[in-house]
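Report on the structure given below.
Side-chain atoms are counted along with the backbone in the values below, which use heavy atoms only and exclude waters and symmetry mates. Numbering starts at 1 and runs along the sequence shown.
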Amino acid sequence: VVDSVFVRESRAGLWFVQDQRLQVEHLPLMIGRLQAETEPQMRGAIATGVAQLFIDADPRWHAAWAELAATDPSSQVRSIFIAELRRAPLSAAGPGLRGALAHADPVTRRDAAAIMGRHLEPRTFVDDLIPALSDSDPIVRSTVVRALGHAGDPKAADAIRAAVLADDKLAGEAERALSRLQ
């Protein structure tokens, strides 16, 4: 099954796996196939199939999921796994999102911050997001402000105000975030 999964193309031109034959027991083989694949579009497609299987997997696979979200060499694959961590239990989401927030790639850090703010338990990530307000990338900083607003924890208010003093381009996003914290 794993060697012959059905790969489809979305209207946006992205490849994805949509195969009803895949079951949770195929997860180790799919991860192996993902790691062996070198073609970027196919890696992205396989990552979608792996992500679908993770949703139904038992907790022993959460460590692999978190690792892929934070360390996969492909930004597209990291993005797929980061997005799926939004619904994951904290045992998987915490390590994966924290690792991704520390990644060298600003797009990965931005994706991680956005999902931290939209996670089912966003307040858990406030202490991780506050230091990221000083990220070197302005888009990451803006995303962190937004995520802190979504988290809804009033303890982030002072950090957001301080971030605006250091970067006045954050003012609009900070205003929206602070209004959510009141």
Side-chain angles (χ1 to χ4, degrees), residues 12 14 34 43-44 47-48 50-182:
L14 298 174
L34 173 66
R43 289 192 87 241
T48 64
V50 171
Q52 289 171 2
L53 292 176
F54 268 129
I55 292 169
D56 298 325
D58 64 49
R60 70 178 180 219
W61 294 108
H62 292 168
W65 187 354
E67 184 176 333
L68 289 167
T71 64
D72 193 88
S74 165
S75 62
Q76 180 185 6
V77 171
R78 288 191 308 270
S79 182
I80 290 166
F81 284 103
I82 289 167
E84 292 300 327
L85 286 173
R86 180 177 178 269
R87 297 178 296 193
L90 285 173
S91 62
L97 292 173
R98 289 179 184 106
L101 189 63
H103 198 276
D105 175 36
V107 173
T108 299
R109 295 193 310 270
R110 180 205 64 203
D111 290 348
I115 295 302
M116 285 174 157
R118 295 290 190 177
H119 189 268
L120 297 172
E121 298 181 53
R123 287 184 181 213
T124 305
F125 297 107
V126 169
D127 290 336
D128 300 295
L129 289 166
I130 288 174
L133 285 167
S134 61
D135 192 278
S136 61
D137 186 271
I139 296 172
V140 173
R141 290 192 303 271
S142 179
T143 303
V144 169
V145 169
R146 186 177 312 114
L148 286 168
H150 288 298
D153 191 332
K155 77 178 182 183
D158 289 340
I160 292 171
R161 288 185 192 98
V164 172
L165 293 175
D167 181 357
D168 63 353
K169 293 178 184 148
L170 295 174
E173 195 63 60
E175 185 179 322
R176 287 185 289 279
L178 291 169
S179 72
R180 289 186 200 106
L181 300 180
Q182 297 175 355

Rounded distance [0.5 Å steps], OG1 in Thr124 versus CE in Met116: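 So the gap between those two atoms works out to 10.0 Å.
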
Distance in Å, Leu68 CG paired with Arg78 CZ, rounded so as to fall on 0.5 Å steps: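 Rounded to the nearest 0.5 Å, the CG-CZ separation comes to 11.0 Å.
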
Can you name the closest pair of heavy atoms from [X] and [Y] and give their distance?
X      : Y      : value
Ala100 : Thr108 : O-CG2, 3.6 Å
Gly149 : Leu181 : O-CD2, 4.1 Å
Gly117 : Pro122 : O-CB, 3.6 Å
Ile130 : Ala159 : CG2-CB, 3.7 Å
Leu170 : Ala163 : CD1-O, 3.9 Å
Glu173 : Ser142 : CG-O, 3.6 Å

For [X], which residues count as a salt bridge (Lys or Arg N to Asp or Glu O under 4.0 Å) partner, sequence neighbours excluded?
X      : result
Arg110 : none
Arg86  : none
Asp137 : none
Lys169 : none

Exceeds 12 heavy-atom contacts within 6.0 angstrom, atom CG of Leu120: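 Enclosed: over 12 neighbouring heavy atoms sit under 6.0 Å from CG of Leu120.
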
Check: Ala104 main-chain N/O paired with Arg109 side-chain donor or acceptor under 3.5 Å: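 Yes; judged by distance alone, with no hydrogens or angles, the pair exists.
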
Would you please name every residue forming a side-chain contact (heavy atoms from CB on, under 4.5 Å) with [X], sequence neighbours left out?
X     : result
Ser79 : Asp111
Gln76 : Leu14, Ser74, Ile80
Ala69 : Phe81, Ile82, Leu85

Would you please name every residue forming a side-chain hydrogen bond (donor to acceptor under 3.5 Å, both in side chains) with [X], sequence neighbours left out?
X      : value
Arg98  : Asp128
Asp158 : Arg161
Asp153 : none
Arg118 : His150

Are side-chain heavy atoms of [X] and [Y] found at a separation under 4.5 Å?
X      : Y      : answer
Ser75  : Asp105 : yes
Leu148 : Val144 : yes
Asp135 : Thr143 : no
Ile115 : Glu84  : no

By ring-ring contact (aromatic ring centres under 6.0 Å, His included) - contacts of His119 (at least two apart): Phe125

